[in-house]
Amino acid sequence: MRKFIIANWKMHYGPIKAGAWIRAFRRERLPKDLDIGVAVPHVSLAAARASLGRAGVPLLGGQNTFWMAEGAFTGETSPAMLKEFGLDFCLVGHSERRIHLGETDEMVNKKAIALQKAGMRPVICVGETELQRKKGETLKVVRAQVTAALSGLKGDGAVVPVIAYEPVWAIGTGKPCTSQDAKVVHEAIREILVKKFGKAMEVPIIYGGSVDLRNIAEFMSTTGIDGALVGGASLDPRGFGLLCRAAVPA
Ligand code: PEP
């Protein structure tokens, strides 16, 4: 399976800065054996697409979508609208949306199904809070989130989902999960995937939460970790280029 690194800009960069980021990043020397994506705020998708031209790197993604195709849903963006920008993937269920906007497992599942139907890969974010980890509930919580999110999804083809394990307490804190603790969770997720899709499935499980230049190589070389979702350390295009190079041994 090819490894996959995704930049999540979160709510940073309007159209002007987004275009500049893409143009700067395209000057970076990037490893061939790596899929690289960038999840862009919706208002900046047109500028990002224009700066990208026909180049395949980075793959473009959204950070959220809605499950209905169109209608009276003020403020929402449908998968079909995202697809018009030629998006390859879209994040769903990021913990910031679960926490601040009340996104539930059921909503995450509906969004993931809608994305696949529209021809994009859902990148499904899951992860436990600090309290849940302290109470020893990490695997129970993550298993429940993954199982709910995958209901009715396809595990193969061009729109195969990606699971991003992102412990909430590690996001934006500078305190990543250890690679060995992440490995245990990735193994539990892989078990669910094998049961659901069989051995031939090609669903990457990537890790997110304070990934940076110092720790990317370790995460990427850990068995069962198929890539990374990178927030803060993706905001500088040169820094993110360095991180991508450090992710894959030369
Ligand atoms: C994220 O927002 O998905 C994330 C992993 O953030 P950070 O890398 O800043 O922890």
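Ligands are counted one by one from 1 in listed order, and the atoms in each one are counted from 1 as well.
Using a 4.5 Å heavy-atom cutoff, the side chains of Ser44 and Trp21 are not in contact. Between Pro58 and Leu52, some side-chain heavy-atom pair lies under the 4.5 Å cut-off. Between Arg23 and Ser51, some side-chain heavy-atom pair lies under the 4.5 Å cut-off. Taking the side chain as every heavy atom from C-beta outward, Arg133 and Asp181 approach each other to under 4.5 Å.
Closest protein heavy atom to atom 1 (C) of ligand 1: His94 NE2, 3.3 Å.
The distance criterion of under 3.5 Å between nitrogen or oxygen atoms is met by Gly232 with respect to ligand 1. Of the N or O atoms in Ala233, none lie within a sub-3.5 Å distance of an N or O in ligand 1. The N/O atoms of Gly172, backbone and side chain alike, include one that comes under 3.5 Å of an N/O atom in ligand 1.
Using a 4.0 Å cut-off between heavy atoms, Leu229 contacts ligand 1 through both its backbone and its side chain.
Shown here is Arg2, whose CZ atom has more than 12 heavy atoms of other residues, nucleotides or ligands within 6.0 Å.
Residue contact check: Gly231 has heavy atoms under 4.0 Å from atoms 4 (C), 5 (C), 6 (O), 7 (P), 8 (O), 9 (O) of ligand 1. Each of the atoms 1 (C), 2 (O), 3 (O) of ligand 1 lies under 4.0 Å from some heavy atom of Asn8. The distance from ligand 1 to the heavy atoms of Gly209 drops below 4.0 Å at these ligand atoms: 5 (C), 10 (O).
Between the side chain of Gln63 and the backbone N or O of Asn8 there is no donor-acceptor pair closer than 3.5 Å. Counting only distance, with no hydrogens or angles, the side chain of Arg121 and the backbone of Val162 share no donor-acceptor pair below 3.5 Å.
Heavy-atom proximity to atom 5 (C) of ligand 1, evaluated over Gln63, Glu166, Lys10, is greatest for Glu166.
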